[in-house]
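Below is one structure, written out as structure tokens; the observations come after it.
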Amino acid sequence: MKRSIVLITGVNGELGRSLLPRLTAAGYACVTLDLVPLPESLRSFAVASYAGNIMDRYLLDQIAAHHEFDAVFHLAALLSTRGERDPELSHQVNVEGTLNLLRVAHAQSARLGRAVRFLFPSSIAAYGLPNLEVKRAVGRAREEEWNVPITMYGCNKLYCEHLGRYFTHHFRQLGALAGAARLDFRALRFPGLISADTVPTGGTSDFGPEMIHAAARGEPYDSFVGPDARIPFLAMPDAVKALVTLLDADRERLTTTVYNVASFSPTAGQIAARVARAFPGARIGWAPDAARARIVDSWPEDLDDARARADWGWAPDYDEEQAFSDYLLPRIRERYAAS
Ligand code: AKB
């Protein structure tokens, strides 16, 4: 039987590196795209890999002409801290790049005569809370609440959620082809992600993973947020599980195009305490950067993921204790012992 083809952009990022082997193991034929070539260690997981820019519309058209993909995982993005350093570039990559992918995937739907599924990692950054008092009062934010982000990245993600909804339900609604096959856009609002295998770059939730990896390497770490800062996190295997489960979810059961997913919500101080217990020599200091800490404070302290649970059976495998004891600590120890 012909394998279903999926296109993954930004495959060399944290999510992509974990998702690619998982999709291949599930029987998908993966075509990858990233600015830099796929590393040797991941090549065997892809049926074809392209090094290029998502701004290159000609390249995207070429990929679509050569591969009849049924689904796209559009992971390429500039994260929130990087986006604040260059907001215009953030808009180009995160919005114009996404629009290019939506256009290509939409055309592919028309060619195949069926809706291509477009999986989009959105973010907790789509929320914007005005101050800590409101943040504490809100607690677990629902998808439609507090959609007033304070970062360029958050604005980009929120707008792209709307673009995806538009391409799925309203594309060219006045045109003769208004009823033709459309896209099937599905977004996940991820909290901070923590992987045992990779360290993120350019994000503002990076203080969590940076703290853990620095301690495992025996290096000192000064946190850019204070010990009371709190946002939700998800262990990387759960993020990958959420993407793959949403890919396979029955369209008829989906009541929205955007779903929160979450698991545990420690403060930075609680992460530091776990790290100190696991690595007794850990040297964690506090050197809050007011601007980055303000961004973290504008994100909710938890996400209400009731819709994902009800519509497509979302449930994380790792709570905070399991994330550390069953996944992060054993794998990180092994990783740095080997290097
Ligand atoms: C970031 O910090 O920018 C990302 C995110 C929360 O989406 N990790």
Side-chain angles (χ1 to χ4, degrees), residues 9-10 12-19 73-87 89-91 93-95 97-98 119-129 135 140-141 143 146-161 164 187-213 223-225 229-240 242-243 258-268 271 288-289 291-303 305 316 323 328:
T9 72
N12 287 342
E14 282 212 288
L15 253 177
R17 283 168 186 253
S18 297
L19 180 67
F73 287 84
H74 176 40
L75 313 181
L78 289 192
L79 298 184
S80 54
T81 291
R82 181 80 210 287
E84 284 320 289
R85 302 209 161 114
D86 196 341
L89 181 66
S90 174
H91 181 89
V93 173
N94 294 346
V95 176
T98 299
L119 276 288
F120 182 69
S122 186
S123 166
I124 190 175
Y127 295 98
L129 300 161
K135 174 165 172 155
R140 312 181 76 205
E143 284 86 348
W146 297 101
N147 292 165
V148 277
I150 69 162
T151 60
M152 185 54 148
Y153 169 75
C155 293
N156 297 161
K157 287 290 185 187
L158 185 61
Y159 177 62
C160 288
E161 291 177 3
L188 286 167
R189 280 209 192 137
F190 281 128
L193 303 180
I194 314 186
S195 168
D197 304 323
T198 49
V199 188
T201 48
T204 318
S205 60
D206 296 1
F207 64 91
E210 281 175 356
M211 217 179 262
I212 304 168
H213 283 265
S223 170
F224 60 82
V225 298
R230 186 195 293 278
I231 52 166
F233 283 97
L234 204 56
M236 188 56 81
D238 274 335
V240 169
L243 281 166
V258 179
Y259 289 95
N260 281 343
V261 283
S263 180
F264 50 93
S265 274
T267 61
I271 299 177
D289 170 311
R292 290 183 91 188
R294 166 78 194 101
I295 291 174
V296 168
D297 288 346
S298 79
W299 295 345
E301 56 181 36
D302 204 354
L303 296 175
D305 56 8
L328 290 168

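Each ligand, and each atom within it, is numbered from 1 in the order the structure gives.
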To the closest 0.5 Å, what do you measure between OG (S18) and CE (M236)? 5.0 Å
Less than 3.5 Å apart, any donor N or O on the side chain of S265 or E301 sitting next to an acceptor on the other? no
Any side-chain donor paired with an acceptor under 3.5 Å for S263 and D238? no
Report each N/O pair between ligand 1 and the protein that falls under 3.5 Å, naming both atoms.
unit_1: ligand 1; atom_1: 2 (O); unit_2: S80; atom_2: OG; d: 3.4
unit_1: ligand 1; atom_1: 2 (O); unit_2: T204; atom_2: N; d: 2.6
unit_1: ligand 1; atom_1: 2 (O); unit_2: S205; atom_2: N; d: 2.9
unit_1: ligand 1; atom_1: 2 (O); unit_2: S205; atom_2: OG; d: 3.3
unit_1: ligand 1; atom_1: 3 (O); unit_2: S80; atom_2: N; d: 3.0
unit_1: ligand 1; atom_1: 3 (O); unit_2: S80; atom_2: OG; d: 2.5
unit_1: ligand 1; atom_1: 7 (O); unit_2: S123; atom_2: OG; d: 2.6
unit_1: ligand 1; atom_1: 7 (O); unit_2: Y153; atom_2: OH; d: 2.8
unit_1: ligand 1; atom_1: 8 (N); unit_2: S205; atom_2: OG; d: 2.9

With a 4.0 Å cut-off on N to O distance, would you call R230 and D302 a salt bridge? no
Within 45° of the ring axis of F207 and under 6.0 Å from its six-membered ring centre, is that where the NZ or CZ of R292 lies? no
Would you check if the side chain of N94 reaches a backbone N or O of Y153 as a donor-acceptor pair within less than 3.5 Å? no
